[in-house]
Enquirer: 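Mind having a look at this structure? Questions to follow.
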There are 2 protein chains.
Amino acid sequence: MPKQHYPEVRALGLFSGMTDENFFALMRGAYVQNFPPQIELISEGEPSDFLHVVLSGSVDLFSQWNGRDTSLATVRPISTFILAATIKNAPYLMSARTLEKSRIVLIPSQDVRSIFDVDGNFARAIVTELAQCYRSVIKSQKDLKLRTSLERLANYLLRQQKRAGGGAAFDLDFEKRRLASVLGMTPENLSRAFKGLLPYGVSVEGTRITINDQADLERFARPNPLIDDFST
Amino acid sequence: MPKQHYPEVRALGLFSGMTDENFFALMRGAYVQNFPPQIELISEGEPSDFLHVVLSGSVDLFSQWNGRDTSLATVRPISTFILAATIKNAPYLMSARTLEKSRIVLIPSQDVRSIFDVDGNFARAIVTELAQCYRSVIKSQKDLKLRTSLERLANYLLRQQKRAGGGAAFDLDFEKRRLASVLGMTPENLSRAFKGLLPYGVSVEGTRITINDQADLERFARPNPLIDDFST
DNA sequence: TTCGGCGCTTGATATTTGTCAAGAGATGAA
DNA sequence: TTCATCTCTTGACAAATATCAAGCGCCGAA
């Protein structure tokens with residue numbers, strides 16, 4: 001892997017605390033690759049040969065069963081995915097595909113496990129990362145089990161609004177069919193759900209969302225940090 | 001904490017690799033307590049003061065929002081819960097209550113974090129545990145998003161059957177209202193779902209389940225290790 | 001420019017799931 | 001034992017969600 005990419009990988013919480021020696025050892029076997037959109041990077045069930053780090057672009061984690069499929073998460077720079085499979089040396093539970101042109105670092109899982117075994121700081125960093133991932137999935141689980149689709153959409157919009165800076169108008173950051181899948185519904189239903197939020201002051205023009213009455217939407221959505229705050 | 005309980009805690013994967021010194025340090029601040037059934041041990045949103053270890057009995061992890069509530073997992077001996085919150089020093093995302101009379105070890109979270117910082121083996125053990133938990137939630141997420149309630153029930157029965165030894169007849173290990181909540185449906189619907197599995201040879205008498213045609217049920221359920229095998 | 005494809009929307013309809021109310025059956029306490 | 005309580009079940013109904021089919025509108029290719 002070219003040295004020019006070292007700093008951005010090194011800056012990740014996961015790699016910032018480890019010794020130079022171990023970091024270089026990890027990078028020695030790693031390589032960076034550019035992928036076009038819609039490339040399936042990994043498929044669920046395969047052995048976890050590489051830990052992936054998204055440097056730019058974005059990646060969709062999804063899963064299929066019995067002819068159905070669902071989006072489970074989106075990975076954005078700069079972060080890793082399939083860390084748990086790498087650590088456990090177990091098959092991937094999710095497939096991954098690029099959503100756009102993406103630059104991705106591939107680190108051999110074997111190297112990650114070897115260095116994990118000898119570098120306490122690295123092990124601790126992994127713990128922090130995994131704990132974060134775990135809590136995110138729990139939040140998403142609560143979102144799915146405790147809320148109706150309309151409530152999930154409303155809260156998603158509030159989260160997205162905050163991510164986009166907090167203004168009344170903002171853009172969805174991916175296509176609606178994927179949003180529908182993430183929220184656990186069909187594209188048709190997402191359309192209707194947007195209509196269902198109209199009484200609460202949400203207007204939609206293509207990918208542009210405007211929240212006309214913040215308080216009203218929040219009164220309906222009842223956002224909760226234990227579900228919606230993905231930073232803790 | 002009385003020394004007599006040390007061995008069973010020590011035997012846990014989480015604690016087996018650490019030094020004696022650090023283990024004793026952890027146990028010094030810990031204590032064992034017996035709880036009657038239906039006691040709420042922790043409430044979501046509270047600061048995570050203690051890492052919990054279930055020695056006997058069982059504990060329900062659940063969550064509430066806007067008047068609704070749902071069971072997310074059941075903790076059985078011998079294992080820990082709320083490890084992620086402890087590590088991140090973040091609020092609990094789930095509440096916990098005893099399902100039956102239970103003996104539980106409480107280890108101050110502060111101590112866990114301190115020792116985590118200095119004991120690489122402990123940190124590595126925590127990684128393994130967290131990775132396992134993470135993958136379990138992902139599986140459960142896939143179960144929820146990719147399957148209908150009937151399919152979830154069918155696969156649950158197959159999993160439970162295996163846990164119970166694999167015989168055609170076995171018992172449910174908790175009451176149906178909780179099972180319904182775990183599976184993401186109402187008790188009424190669970191009743192109907194059991195009826196819906198009758199054509200596939202599933203008969204129910206109270207808490208006793210009999211699978212009369214294994215192949216038929218499996219043909220319908222289509223169990224998948226990437227969803228149903230909680231050991232990997 | 002025109003055409004075809006694709007994503008999105010809409011309506012009609014079916015299916016699934018939840019809600020409410022009532023009753024059966026089991027369990028535990030007095 | 002009897003009563004009270006609780007879970008589970010059932011039926012009728014309502015609400016949510018999915019499916020199917022059609023049409024709209026945008027965008028890129030010819």
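In what follows, chains carry the letters A, B, and so on, assigned in the order in which the sequence lines appear, proteins first and then strands, with residues in each chain numbered from 1. Fair warning: this is a prediction, and the values are worked out from it, not measured in the lab.
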Enquirer: For B/Ser203 and B/Arg208, which I'm curious about, is there any donor-acceptor pair between the side chains at under 3.5 Å?
Expert: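 The criterion, which ignores hydrogens and geometry beyond distance, is not satisfied for B/Arg208 and B/Ser203.
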
Enquirer: Rounded off to whole Å, could you give me the CD-to-C1' distance for the A/Gln38 and C/dC6 pair?
Expert: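 Atom CD in A/Gln38 sits about 13 Å away from atom C1' in C/dC6.
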
Enquirer: Does the cation-pi check pass for A/Lys139 over A/Tyr134, that is, NZ or CZ under 6.0 Å from the six-membered ring centre and within 45° of its axis?
Expert: no

Enquirer: In B/S/- notation, 5' to 3', how is nucleotides 11-23 of chain D contacted by protein heavy atoms closer than 4.0 Å?
Expert: BB----SBBB---

Enquirer: Expressed in angstrom and rounded to an integer, what is the separation of B/Lys195 atom NZ from C/dT17 atom P?
Expert: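 In whole Å, C/dT17 P and B/Lys195 NZ are 17 Å from each other.
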
Enquirer: Would you find a donor on one side and an acceptor on the other, under 3.5 Å apart, between the side chain of A/Ser48 and the backbone of A/Tyr92?
Expert: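 Pair absent, no side-chain N/O of A/Ser48 close to backbone of A/Tyr92.
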
Enquirer: Is it true that a side-chain atom of A/Ser95 and a backbone atom of A/Ser63 form a donor plus acceptor pair closer than 3.5 Å?
Expert: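 Not confirmed, A/Ser95 side chain does not pair with A/Ser63 backbone.
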
Enquirer: Round to the nearest Å and state the distance from A/Lys145 atom NZ to C/dT17 atom P.
Expert: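 Interatomic distance, NZ of A/Lys145 to P of C/dT17: 14 Å.
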
Enquirer: Evaluate whether atom CZ of B/Arg178 has more than 12 neighbouring non-hydrogen atoms of other residues, nucleotides or ligands under 6.0 angstrom away.
Expert: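 Yes - once you tally the heavy atoms of other residues, nucleotides and ligands closer than 6.0 Å, there are more than 12.
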
Enquirer: Would you call B/Lys142-A/Glu44 a salt bridge at under 4.0 Å N-O?
Expert: yes

Enquirer: What is the per-nucleotide protein-contact pattern of nucleotides 22-30 of chain C, from the 5' end, where B denotes a base atom under 4.0 Å from a protein heavy atom, S denotes such proximity for sugar-phosphate atoms only, and - denotes neither?
Expert: ---------

Enquirer: Does the side chain of B/Ser102 pick up a donor-acceptor pair with the side chain of B/Asn34 at under 3.5 Å?
Expert: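 Their side chains do not contain a donor-acceptor pair, so the 3.5 Å distance test is not met.
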
Enquirer: Under a 4.0 Å threshold between the charged nitrogen and the carboxylate oxygen, would B/Arg103 count as salt-bridged to B/Glu8?
Expert: yes

Enquirer: Enumerate the side-chain hydrogen bond (donor to acceptor under 3.5 Å, both in side chains) contacts for residues 223-232 of chain B, please, sequence neighbours excluded, ordered by first and then second residue.
Expert: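 Non-adjacent pairs meeting side-chain hydrogen bond (donor to acceptor under 3.5 Å, both in side chains): B/Arg147-B/Asp228, B/Arg159-B/Asp228, B/Asp229-B/Ser231.
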
Enquirer: Scan side-chain atoms only and decide if A/Asp60 and A/Thr74 contain a donor-acceptor pair under the 3.5 Å cut-off.
Expert: no

Enquirer: If we fit an axis to the first five pairs and another to the last five of the helix from C/dT1-D/dA30 to C/dA30-D/dT1, what angle do they make, to the nearest 10°?
Expert: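 Comparing the axis at each end, I get an angle of 30°.
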
Enquirer: Any N/O pairs under 3.5 Å between the protein and nucleotides 5-8 of chain D? List them or say none.
Expert:
unit_1: D/dC8; atom_1: OP1; unit_2: B/Lys176; atom_2: N; d: 2.7
unit_1: D/dC8; atom_1: OP2; unit_2: B/Arg177; atom_2: N; d: 3.0

Enquirer: Quick one: pull up CZ in A/Phe50 and CG in A/Leu41 and give me the separation to the nearest 0.5 Å.
Expert: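 That separation rounds to 12.0 Å.
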
Enquirer: Round to the nearest Å and state the distance from B/Glu151 atom CD to C/dT16 atom C1'.
Expert: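 The answer, rounded to whole Å, is 12 Å.
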
Enquirer: For B/Phe81, check ring pair (Phe, Tyr, Trp, His ring centres under 6.0 Å) against everything at least two apart and list the hits.
Expert: B/His52

Enquirer: Using atom CG of A/Leu198 as one end and atom P of C/dT9 as the other, report the distance to the nearest whole Å.
Expert: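 After rounding, the gap between these two atoms is 12 Å.
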
Enquirer: Hydrogens and angles aside, do B/Gln161 and B/Gln214 bring a side-chain donor and acceptor to less than 3.5 Å of each other?
Expert: yes

Enquirer: Using whole Å, report how far CZ of B/Phe194 lies from P of D/dT10.
Expert: 12 Å

